[in-house]
Participant: 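Take this structure, written in structure tokens, and hold onto it; I'll ask about it next.
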Protein chains: 2
Amino acid sequence: MAADPRTPDALTVEVAELIGTVVARYHEEYELAAAEHALTGAQARVLALLAREPTPMRQLARQLKCEPSNMTGMVDRLEARGLVERRPDPADRRVKVAAATDEGEAVAARLRRELKFAGAPLQGLTPAERRLLRDLLRRMLSEPEEGGEEPRPPRP
Amino acid sequence: MAADPRTPDALTVEVAELIGTVVARYHEEYELAAAEHALTGAQARVLALLAREPTPMRQLARQLKCEPSNMTGMVDRLEARGLVERRPDPADRRVKVAAATDEGEAVAARLRRELKFAGAPLQGLTPAERRLLRDLLRRMLSEPEEGGEEPRPPRP
DNA sequence: TATTGTTATACTCTATAACTATA
DNA sequence: TATAGTTATAGAGTATAACAATA
């Protein structure tokens, strides 16, 4: 590799590529687990959210970072399969609260268990290594990327 | 949280969730970088592959884990924008080799640089931590998941 | 006969804009 | 008027099946 002159250091590039591989693997596993229940990845994500907590359509769209109009069709399809239902909100008759049915909860629970990604690859690490990985990922994710464009000089 | 009785230990769950967050963040960044060039994520992935190496349609489909029939449309759209072209294979007149044009190469190079995910979050780690992260990810990914279902007892 | 790429078809996901029923 | 959900529409990605050209 090593194609671009403005590329960051080799170590950073390698870690970035490894993360890319992890991302690809993760998606593969997720889609596969979903497909075993005849669900698409997007449907599985909706179901997972609703299994945690019944949620108004609009809020659901915000959480999934998509337009509210899309939720109509997605919830329609899940509702047609009996995994989700729409409930009225007594406080505001405009809102419809999407909620997982009992069957939906069961499928979501099975999905969580079948997400072997949490199992297989991580089992290759010792508990101490897993703790280490957790701490590194936490730090990586908590950086509030305040800078924006500036590469920001490394702290001493 | 902590809903399912058959869930693995809390540490594994937490790491898995962190990885889920990393995956979500990564995708967000990727789609955003692609959108800045009026490309979809899938188009950006195709272009990235072709910028590395001209590739026959069918092989491209294998690498992207999708059906060969899809590649027709995807390459069509990229070709319509002048980022990609189809070349004949002198050795086998059935195959068409998709290749990035000069402009395609340029866009791919810019895309690589703009993938801030490689920059921002990783800059929060020291080089030593990055090395550690690299080694952990490598080990995670190299485990050939031979076992399948068996949790496999931890090595001493 | 088998393989490569394509076409035809259908479904899902996505975004935009317009509509409805509430508030 | 503003908001929640929906409908209508369009484009992109995906899979399946059938097809033409070539091997």
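Order of the sequence lines sets the chain letters (A, B, ...), proteins ahead of strands, with each chain counted from 1.
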Participant: How would you list all residue pairs meeting side chain to side chain donor-acceptor pair (under 3.5 Å) that involve residues 75-84 of chain B, not counting sequence neighbours?
Facilitator: B:Asp76-B:Arg86, B:Glu79-B:Arg86
Participant: Rounded to whole Å, please give me the gap between CE in B:Met71 and C1' in C:dT4.
Facilitator: 14 Å
Participant: Output yes when A:Arg110 and A:Glu36 qualify as a salt bridge under the 4.0 Å nitrogen-oxygen rule, no when they do not.
Facilitator: no
Participant: Between A:Asp76 (CG) and D:dT6 (C1'), how many Å, whole number?
Facilitator: 9 Å
Participant: How many whole angstroms separate atom CE of A:Met57 from atom C1' of D:dT6?
Facilitator: 9 Å
Participant: According to ring-ring contact (aromatic ring centres under 6.0 Å, His included), who are the partners of A:His27, at least two apart in sequence or on a separate chain?
Facilitator: B:His27
Participant: May I ask you to evaluate whether A:Arg86 reaches the phosphate of D:dT6, defined as a side-chain N or O under 4.0 Å from OP1 or OP2?
Facilitator: yes
Participant: Rounded off to whole Å, could you give me the CZ-to-C1' distance for the B:Arg87 and C:dG5 pair?
Facilitator: 18 Å
Participant: Round to a whole Å and report the spacing from CG of B:Leu60 to P of C:dT6.
Facilitator: 11 Å
Participant: Round to a whole Å and report the spacing from CZ of B:Arg81 to C1' of D:dA12.
Facilitator: 13 Å
Participant: What residues, two or more places apart in sequence or in another chain, satisfy side-chain hydrogen bond (donor to acceptor under 3.5 Å, both in side chains) together with B:Asp135?
Facilitator: none
Participant: Please state how far atom NE2 in A:His27 lies from atom P in D:dT14, giving the value in whole angstrom units.
Facilitator: 11 Å
Participant: I'd like a table of atom pairs between the protein and nucleotides 18-23 of chain D - only N or O on both sides, under 3.5 Å - with the distance next to each one.
Facilitator:
from, atom 1, to, atom 2, distance (Å)
D:dA23, OP1, B:Arg93, N, 2.9

Participant: In whole angstroms, how far is the P atom of D:dG13 from the CD atom of A:Glu31?
Facilitator: 15 Å
Participant: Given a cutoff of under 4.5 Å between side-chain heavy atoms of I, L, V, M, F, W and Y, with clusters grown through shared members, what are the other residues clustered with B:Val97?
Facilitator: B:Val95
Participant: Hey, what are the protein-to-nucleotides 11-15 of chain C N/O distances that come in under 3.5 Å?
Facilitator:
from, atom 1, to, atom 2, distance (Å)
C:dC13, OP1, A:Thr40, OG1, 2.3
C:dC13, OP2, A:Arg77, NE, 2.8
C:dC13, OP2, A:Arg77, NH2, 2.9
C:dA15, OP2, A:Glu67, N, 2.9
C:dA15, OP2, A:Asn70, ND2, 2.9
C:dA15, N7, A:Asn70, OD1, 2.8

Participant: Evaluate the side-chain proximity of A:Val15 to B:Leu125: yes if any heavy-atom separation is below 4.5 Å, no if none is.
Facilitator: no
Participant: Would you please name every residue forming a side-chain hydrogen bond (donor to acceptor under 3.5 Å, both in side chains) with B:Glu105, sequence neighbours left out?
Facilitator: none
Participant: Residues in side-chain hydrogen bond (donor to acceptor under 3.5 Å, both in side chains) with B:Glu129, at least two apart?
Facilitator: A:Arg139, B:Thr126
Participant: How would you list, by chain and number, every residue that makes a side chain to side chain contact (heavy atoms under 4.5 Å, CB included) with A:Leu64, sequence neighbours excluded?
Facilitator: A:Arg45, A:Val46, A:Leu49, A:Leu60, A:Cys66, A:Met71
